[in-house]
Amino acid sequence: MLPAPRFTAFNPPRRILMGPGPSDVYPEVLAAQARPTVGHLDPLFVGMMDELKSLIQYAFQTKNEMTMAVSAPGSAGMETCFVNLVEPGEKVIVCRNGVFGERMRQNVERMGAIAVLVDNEWGTPVDPAAVEAALKANPDAKFLAFVHAETSTGALSDAKTLCALAKQHGCLSIVDAVTSLGGVELRVDEWGIDAIYSGSQKCLSCVPGLSPVSFSPAAVEKLKNRKTPVQSWFLDQSLVMAYWTSAGGKRSYHHTAPVNALYALHESLRMLAAEGLENAWQRHHDMHLVLRVGLEKLGLNFVVAEASRLPQLNAVYIPAGVDDAAVRTRLLKDYNLEIGAGLGALAGKAWRIGLMGFGARRENVALCLKALEEVLN
Ligand SMILES: *Cc1c(COP(=O)(O)O)cnc(C)c1O
């Protein structure tokens with residue numbers, strides 16, 4: 001017999017997470033996750049799931065029946081939207097202004113569909129005029145896909161206008177709201193968003209690993225009328241909804257729900273509802289303004305122009321002559337503070353300072369500014 005390996009329990013320090021995610025988790029959420037595991041078809045758990053669905057509907061501002069949390073991170077939410085709606089050979093207009101728009105292209109092409117690209121410079125929002133031109137040039141397009149809050153650059157796109165354009169041209173909209181949900185204004189029904197996905201670990205300040213998604217009645221219709229089965233068995237919404245729908249009170253097993261992680265999501269969304277969505281948006285905005293003043297005093301310049309800056313993701317250029325990795329290492333070692341490195345085209349050129357959910361607080365802003373000041377000097 002092999003000897004039993006000996007390890008010590010993993011006890012991480014309490015970091016202050018001010019990067020692009022995961023964000024600081026609410027202590028209440030961590031406590032909720034530690035509660036006793038019950039069966040995933042236990043009547044008490046099912047009751048919690050009904051509430052969870054209403055809470056997700058509230059956060060998205062939607063009445064969509066097909067609303068649930070995918071048992072996997074935001075990337076799986078992205079794949080859920082594309083794999084359920086897009087069929088091989090169909091045309092999707094994909095807007096790229098950062099890393100996540102490029103991932104949308106990869107999703108589309110992997111499912112044998114055609115991506116028509118609308119490229120905008122990194123750090124700028126998606127340009128509605130360019131989208132309109134692409135919609136006009138491609139009357140056979142079935143979808144418009146874009147990222148509401150581009151976490152790789154900190155740019156906010158005008159989801160309301162883009163979704164209205166999609167509708168005018170007979171396209172369904174697919175929207176990435178991983179970083180926007182809970183941090184900036186987002187109104188799924190009012191803006192006519194057809195398929196949307198988010199993540200638990202950004203402005204919801206929940207543990208990573210879950211992806212709230214929602215499909216409009218028009219998107220559900222598209223799914224029902226598919227000529228080909230959804231390639232992914234696990235992500236097939238028509239199967240998953242048998243577990244998430246309480247219609248008739250009967251839920252059937254699809255996969256074992258991540259029971260404790262769903263307690264955590266329930267708690268984080270309950271806290272968001274208790275604060276009020278508009279108040280949460282305002283808090284992110286207010287904390288961003290405080291951070292902005294401090295960063296500018298330190299001589300740091302924003303990547304994104306003021307009009308389309310995300311409050312929850314502040315990308316600033318690294319000053320000339322400053323060692324990117326050395327600064328981030330010192331912040332982590334000496335201050336227990338994590339900020340984000342640049343991603344893709346901004347790797348080595350920018351830092352990404354997150355003010356997400358529980359992280360968007362005055363004490364975090366003050367610590368971050370003080371630590372940056374000391375390290376940069
Ligand atoms: C973080 C993020 C994702 C991916 O989410 P994961 O939970 O890391 O899989 C997708 N889109 C955007 C805009 C993100 O910020």
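In listed order, ligands and their atoms are each counted from 1. It should be emphasised that the depicted structure is a prediction, and the values quoted were computed from it without experimental measurement.
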**Report entry** Atom indices of ligand 1, in the order listed, that fall short of 4.0 Å to a heavy atom of Pro73
**Finding:** 6 (P), 7 (O), 9 (O)

Query - Glu65/Lys53 ion pair, N-O < 4.0 Å - result: yes

Query raised in the report: Of all the atoms in ligand 1, which lie at a distance below 4.0 Å from a heavy atom belonging to Thr179?
Result: 15 (O)

Requested in this report: Report the member of Thr151, Leu313, Leu210, Leu343 with the shortest heavy-atom distance to atom 13 (C) of ligand 1.
Outcome: Thr151

Query raised in the report: Touching ligand 1 at all, Glu150? Heavy atoms, strictly under 4.0 Å?
Result: no

Query - Centroid-centroid distance, His255 to Trp233, less than 6.0 Å - result: no

**Report entry** Protein contact of atom 3 (C) of ligand 1 - nearest heavy atom, named by residue and atom, plus distance
**Finding:** Phe100 CE2, 3.4 Å

Query - Cationic N near anionic O, under 4.0 Å, Glu306 to Arg292 - result: yes

Report task. Carefully, step by step, assess Cys95 and Val147 under the rule side chain to side chain contact (heavy atoms under 4.5 Å, CB included). Result -> CA-CA 8 Å; Cys95 305; Val147 178; over 6 Å; no

Report task. Could you tell me the residue and atom name of the protein heavy atom closest to atom 11 (N) of ligand 1, and the distance to it rounded to 0.1 Å? Result -> Asp176 OD2, 2.7 Å

Requested in this report: If the plane angle is over 60° it's perpendicular, under 30° parallel, otherwise tilted; pick one for His288 and Phe302.
Outcome: perpendicular

Query - Closest approach of any protein heavy atom to atom 2 (C) of ligand 1, naming residue and atom - result: Lys202 NZ, 2.7 Å

Requested in this report: Run the salt-bridge test on Glu87 and Lys222 with the 4.0 Å N-O cut-off and return the result as yes or no.
Outcome: yes

**Report entry** Close approach of Ala149 to ligand 1, heavy atoms, under 4.0 angstrom
**Finding:** yes

Requested in this report: Just do the side chain to side chain contact (heavy atoms under 4.5 Å, CB included) check on Leu239 and Phe234 with the steps written out, would you?
Outcome: CA-CA 8 Å; Leu239 302 178; Phe234 182 66; over 6 Å; no

Requested in this report: Report, in ascending order of atom number, the atoms of ligand 1 lying under 4.0 Å from any heavy atom of Gly74.
Outcome: 5 (O), 6 (P), 7 (O), 9 (O)

**Report entry** atom 7 (O) of ligand 1: the protein heavy-atom neighbour that sits closest, reported with distance to 0.1 Å
**Finding:** Gln201 NE2, 2.6 Å

Query raised in the report: What protein heavy atom sits nearest atom 9 (O) of ligand 1, and how far away is it?
Result: Ser75 OG, 2.5 Å

Query raised in the report: In terms of side-chain geometry, is the basic nitrogen of Arg283 or Glu275 positioned less than 4.0 Å from the acidic oxygen of its partner?
Result: yes

